[in-house]
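Input: a single structure, listed below in structure tokens.
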Amino acid sequence: MNKNEKFVITINRELGSGGRTVGRLLAEKLGVPFYDKALIRALEDRYELTTDEIERLKSRKRSWWADFKRVMIVGEDAANSTSYHVGSDADLLTTEALFKAEKEILMAIAEEESCVIAGRSAFFILNGHPNRLSILIQASMESRIERVMKKQNLSRKEAMKVINKVDKMREEYVKNYAQTSRYDTRNYDLVINMDGKTEEQAANLILNYIG
């Protein structure tokens, strides 16, 4: 990946690995926007950004991207609401229509600017991007459990249940839409094990890899 040209970095991550935070820190260090699944879903749900609506924005004479960015900024509050907390059903359930809208949104973002995108679908939706870096962030089950317990104020048993549920549903999603496994390392340029690393260290590791 050439960071001096328009690029996109996709981050697929296991629940409880800290991957979303790594993505946000990486984007800050690179000086580019950060997008994640919750924000995309909030846009779809609250602003009805279907494929038709995206095309309508693109067809306007004035800059459709300026409008889109405005909605993205407004949508951040929705994405940060409790309705979209990690592991919620709202982050898991996807219809064919929503997948198509999400695909259009992600492709539009990647066409317009350099960015970091964290989410289960970006790594295969954008696999044809000419200047892309694809990353998988993982962690041991024990580390994931501890993180989810802390983040969601859950018991160990509850955290394990959430992780197993999310792992299963995300894997089924990828197999359904991408005909591959999210754990197949051939889908990524870089795989990071977060055990023993802070999110800051992982972000710097990626920066060093980019060069």
Could you point out which residue of Gln138, Gln201, Lys197 forms a side chain to side chain contact (heavy atoms under 4.5 Å, CB included) with Ile192?
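Option passing the side chain to side chain contact (heavy atoms under 4.5 Å, CB included) with Ile192: Lys197.
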
Using a strict threshold of under 4.0 Å (side-chain N to carboxylate O), is an ion pair present between Arg156 and Glu142?
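Arg156 and Glu142: salt-bridged.
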
Do Glu199 and Arg13 sit within salt-bridge range, that is, some charged N less than 4.0 Å from a carboxylate O?
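Between Arg13 and Glu199 there is no salt bridge, as every charged N stays at least 4.0 Å from the carboxylate O atoms.
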
Who pairs with Glu171 by salt bridge (charged side-chain N to carboxylate O under 4.0 Å, His left out), at least two apart in sequence or on another chain?
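Glu171 satisfies salt bridge (charged side-chain N to carboxylate O under 4.0 Å, His left out) with Lys175 once adjacent residues are dropped.
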
Can you sort out the partners of Lys161 under salt bridge (charged side-chain N to carboxylate O under 4.0 Å, His left out), two or more places apart, ordered by chain and number?
none

Say you draw a straight line from CG of Asp189 to OG1 of Thr10; how long is it, rounded to the nearest 0.5 Å?
8.0 Å

I need the Ile109 CD1 to Ser114 OG distance, nearest 0.5 Å.
12.5 Å

Using a 6.0 Å cut-off, check whether atom CG of Asn153 has over 12 heavy atoms from anything other than its own residue.
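No, not enclosed.
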
Side chains of [X] and [Y]: closer than 4.5 Å at any heavy-atom pair?
{"X": "Leu30", "Y": "Ile9", "result": "yes"}
{"X": "Asp167", "Y": "Arg144", "result": "yes"}
{"X": "Ile135", "Y": "Val22", "result": "no"}
{"X": "Lys29", "Y": "Asn204", "result": "yes"}
{"X": "Ile206", "Y": "Leu133", "result": "yes"}
{"X": "Phe34", "Y": "Arg20", "result": "yes"}
{"X": "Leu136", "Y": "Asn187", "result": "no"}
{"X": "Met194", "Y": "Ser143", "result": "no"}

Between the main-chain N or O of [Y] and the side-chain N or O of [X], is there a donor-acceptor pair closer than 3.5 Å?
{"X": "Lys6", "Y": "Glu111", "value": "yes"}
{"X": "Arg132", "Y": "Leu126", "value": "yes"}
{"X": "Asn176", "Y": "Tyr173", "value": "no"}
{"X": "Glu14", "Y": "Ala139", "value": "yes"}

Exercise: identify the closest heavy-atom pair between [X] and [Y]:
{"X": "Val116", "Y": "Gly23", "result": "CG1-O, 3.7 Å"}
{"X": "Ile117", "Y": "Ala122", "result": "CG2-CB, 3.6 Å"}
{"X": "Pro33", "Y": "Ala27", "result": "O-CB, 4.0 Å"}

Can Tyr183 be reached from Ile163 by stepping across I, L, V, M, F, W or Y side chains whose heavy atoms are under 4.5 Å apart?
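Ile163 does not cluster with Tyr183.
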
Same apolar cluster: Leu25 and Ile11, side chain cutoff 4.5 Å:
no

Worked verdict on Asn131 versus His129 for side chain to side chain contact (heavy atoms under 4.5 Å, CB included):
CA-CA 6 Å; Asn131 194 24; His129 193 283; 4.1 Å; yes

Show me the pairs that pass ring-ring contact (aromatic ring centres under 6.0 Å, His included) and involve residues 184-211, at least two apart or across chains.
Phe123-Tyr188

